[in-house]
J.: 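Quick one: the structure is below, and I'll ask about it shortly.
All values reported here derive from a predicted model rather than from experimental measurement. Residue numbers count from 1 along this sequence.
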Amino acid sequence: MAKRHRFLVGEDERSVEVDQTPDGVTVTLDEGDAVHLDVLEVQVPGTVSFFIDGRQQRAYVARRGGGYEVTIGERRFVIEAATGGRGRHVVGGAEDAPGQITAPLAGVVVEVRVAVGDELEAGTTVLVLEAMKMQNEVQIPYDGTITAIHAEAGENVDKGVLLVEYETAGEE
């Protein structure tokens, strides 16, 4: 199953979908074209070798504060989890853009209570997330219609991962 993540690269918020296949890993950046990577066994901690377009590449990954510093060749990127910003609304402890519901904390999805097409009132629980033996109800902050569900029961999710998308109904 593909996993979606939101990251800040510099000042830019990016969406990344990673899907592990029998042949390697497929990565899609910002809804663009999928790129297939043949990932080699990691020999040195923090080093990842992979083939892309028939060329071997090597990435060096180091933890930096709450994020990572990734070096590929001469290029260096500082990557942090996207956790919200100005103009966002608080949902269960996380700040989300209207139309998106992200995981307010890392945990396991226990139950998804909605389906695509459901019309919901603000405050309706969309899923239950378990963290540290506590079950947390994640709610929709505005009236809206569910357009996509990116999580399923039993899935481990990180804080800030996109769980549900919806179209708002009226003024926010």
J.: If you apply the rule side chain to side chain contact (heavy atoms under 4.5 Å, CB included), what do you find for Gln56 with Leu40, and how did you get there?
T.: CA-CA 9 Å; Gln56 184 173 1; Leu40 304 175; 3.4 Å; yes
J.: Any side-chain heavy atom of Val138 within less than 4.5 Å of one from Pro104?
T.: yes
J.: Rounded to the nearest 0.5 Å, what separation is found between the CG atom of Leu105 and the CE atom of Met134?
T.: 10.5 Å
J.: Not counting sequence neighbours, which residues clear side-chain hydrogen bond (donor to acceptor under 3.5 Å, both in side chains) with Arg75? List them please.
T.: none
J.: Within the structure provided, determine whether Asp33 and Thr28 are in side-chain contact (heavy-atom separation under 4.5 Å).
T.: no
J.: Look at atom CD of Glu69 and say whether more than 12 heavy atoms of other residues, nucleotides or ligands are closer to it than 6.0 Å.
T.: yes
J.: Are Val157 and Val126 connected in a single hydrophobic cluster, I mean Ile/Leu/Val/Met/Phe/Trp/Tyr linked by side-chain heavy atoms less than 4.5 Å apart?
T.: yes
J.: Is there side-chain contact between His150 and Leu163, with at least one heavy-atom pair below 4.5 Å?
T.: no
J.: So Val128 and Asn136, do their side chains get closer than 4.5 Å, heavy atoms only?
T.: no
J.: Quick one: are Asp38 and Phe50 in side-chain contact, heavy atoms under 4.5 Å?
T.: no
J.: Determine, using the 4.5 Å side-chain heavy-atom cutoff (strictly less than), whether Val109 and Ile149 are members of one ILVMFWY cluster.
T.: yes
J.: If you take all heavy atoms of Arg58 and Ser49, which pair is closest and at what distance?
T.: NE-OG, 3.2 Å
J.: Might you point out which heavy atoms bring Thr124 and Glu121 nearest each other, and give the distance in Å?
T.: OG1-O, 2.7 Å
J.: Using the salt bridge (charged side-chain N to carboxylate O under 4.0 Å, His left out) rule, collect all pairs that involve residues 98-119, keeping only residues at least two apart or in two chains.
T.: Glu111-Arg113, Arg113-Glu137
J.: Out of curiosity, Tyr166 OH to Ile146 CD1, how far, rounded to the nearest 0.5 Å?
T.: 8.5 Å
J.: Side-chain contact, heavy-atom cut-off 4.5 Å: Val18 with Val25?
T.: yes
J.: List the atom of Ala122, the atom of Pro141, and the distance in Å for their closest heavy-atom pair.
T.: CB-O, 3.4 Å
J.: For Ala131 and Ala106, work out which heavy atoms get closest and say how close.
T.: CB-O, 3.3 Å
J.: Decide whether Val110 and Leu162 are clustered together by the hydrophobic rule: side chain heavy atoms of Ile, Leu, Val, Met, Phe, Trp, Tyr closer than 4.5 Å, transitively.
T.: no
J.: Taking side chain to side chain contact (heavy atoms under 4.5 Å, CB included) as the test, write out the residues that go with Val108, two or more places apart.
T.: Asn156
J.: Any donor and acceptor pair, going by atom type alone, linking the side chain of Glu155 with main-chain N or O of Glu152 inside 3.5 Å?
T.: yes
J.: So, the side chain of Thr26 versus the backbone of His36: is there a donor-acceptor pair under 3.5 Å, distance only?
T.: no
J.: Using every non-hydrogen atom in the two residues, find where Ala103 and Asp158 come nearest and quote the distance to one decimal.
T.: CB-O, 3.5 Å
J.: Tell me whether Ile79 shares a hydrophobic cluster with Val39, the cluster being built from Ile, Leu, Val, Met, Phe, Trp, Tyr side chains joined at under 4.5 Å.
T.: yes
J.: What's the shortest heavy-atom distance between Val27 and Val16, and which atoms?
T.: CG1-CG1, 3.9 Å
J.: Measure the spacing between CD of Gln100 and OG1 of Thr168 and express it to the nearest 0.5 Å.
T.: 11.5 Å
J.: Applying the 4.5 Å side-chain criterion to the ILVMFWY set and letting contacts propagate, would Val48 and Tyr60 be lumped into a single cluster?
T.: no
J.: Would you check if Leu120 and Asp143 make a side-chain contact, meaning some heavy-atom pair closer than 4.5 Å?
T.: no
J.: Between Val70 and Arg76, is any pair of side-chain heavy atoms under 4.5 Å apart?
T.: no
